[in-house]
Every structure is written in structure tokens, then in C-alpha cells.
Amino acid sequence: MLWMVLGIAAASLTMFGFVPQIIKMWRTRSANDVSGLTLIQFGMGVTLWMVYGIHLEDFIIIGANAICLSTLIIALGIYVKVKGGIQKKRV
């Protein structure tokens, strides 16, 4: 039972880890201190964890990573919106 509680606590912290950043980007309408590459890389990792959870048929792993991926998609959407879209680098 202790390990189940520990797993749920860890999953909860991870699931909502980007919520403070989402709130900050939304309120300030700025993503200057946010790395889009980090959001994408973390999203890919979370997606792989979710696939692993599906393989194991582990609801905690699947659910936690699905929610985490949802928050990352929201963060990435806000990031693109406040940055003015995806822009090409000028040479």
C-alpha cells in the first residue's frame, strides 16, 4: 500500500509539473524564459512512458503520463501563441 501511495504522489507531482509555467506564460503573455525544445523533448519522453504503461497495462503510468502530456500540449500551444508562431531563424 505504501508503494501505491508513493507512486500516486510521484505521478501527481509529475502530472502537474508544468501547470505553474502554463499559468505564468498565460498571465505574462511571455515565453521568453521557456525552451520550446524542452517542451517537445519532455513531451516525447512522456509519450514513450505512456506507451510503456499501455504495454504493462498499468493505469497509474498511463493516466499520469496522459495528463502530463495534456499539460505539455497546452504549454506548447501557449508557447507558440505568445511567441507569434513558429518562426524561421534569420541568417
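We count residues from 1, following the sequence as given.
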task: Just do the side chain to side chain contact (heavy atoms under 4.5 Å, CB included) check on Asp58 and Tyr52 with the steps written out, would you?
output: CA-CA 9 Å; Asp58 187 314; Tyr52 179 68; over 6 Å; no

Connected via hydrophobic side-chain network under 4.5 Å: [X] and [Y]:
X: Met44; Y: Val80; result: yes
X: Ile54; Y: Leu69; result: yes
X: Ile73; Y: Phe18; result: yes
X: Met15; Y: Phe42; result: no
X: Ile40; Y: Tyr79; result: yes

- line: Between the NZ atom in Lys81 and the CD1 atom in Ile78, the distance rounded to the nearest 0.5 Å is 9.0 Å

statement: One should read off an interatomic distance between Met25 CE and Asp33 CG, to the nearest 0.5 angstrom, of 11.0 Å

message: Are there over 12 heavy-atom neighbours, none belonging to Arg29, within less than 6.0 Å of that residue's CZ?
response: yes

- request: Apply the test side chain to side chain contact (heavy atoms under 4.5 Å, CB included) to residues Ile61 and Met50: give CA-CA distance (whole Å), side-chain angles for both, the deciding distance (0.1 Å), then the verdict.
  value: CA-CA 6 Å; Ile61 295 174; Met50 194 168 55; over 6 Å; no

query: So, for Ile60 and Ala11, which heavy atoms are closest and what is the spacing to 0.1 Å?
result: CG2-CB, 4.1 Å

query: After noting the C-alpha distance and the side-chain angles of Cys68 and Leu72, does the key distance pass the side chain to side chain contact (heavy atoms under 4.5 Å, CB included) rule?
result: CA-CA 6 Å; Cys68 188; Leu72 284 165; 4.2 Å; yes

task: Just do the side chain to side chain contact (heavy atoms under 4.5 Å, CB included) check on Thr47 and Asn65 with the steps written out, would you?
output: CA-CA 7 Å; Thr47 301; Asn65 287 291; over 6 Å; no

Quick check: do [X] and [Y] have side-chain heavy atoms less than 4.5 Å from each other?
X: Phe16; Y: Ile67; value: yes
X: Gln21; Y: Val34; value: yes
X: Lys83; Y: Asn32; value: yes

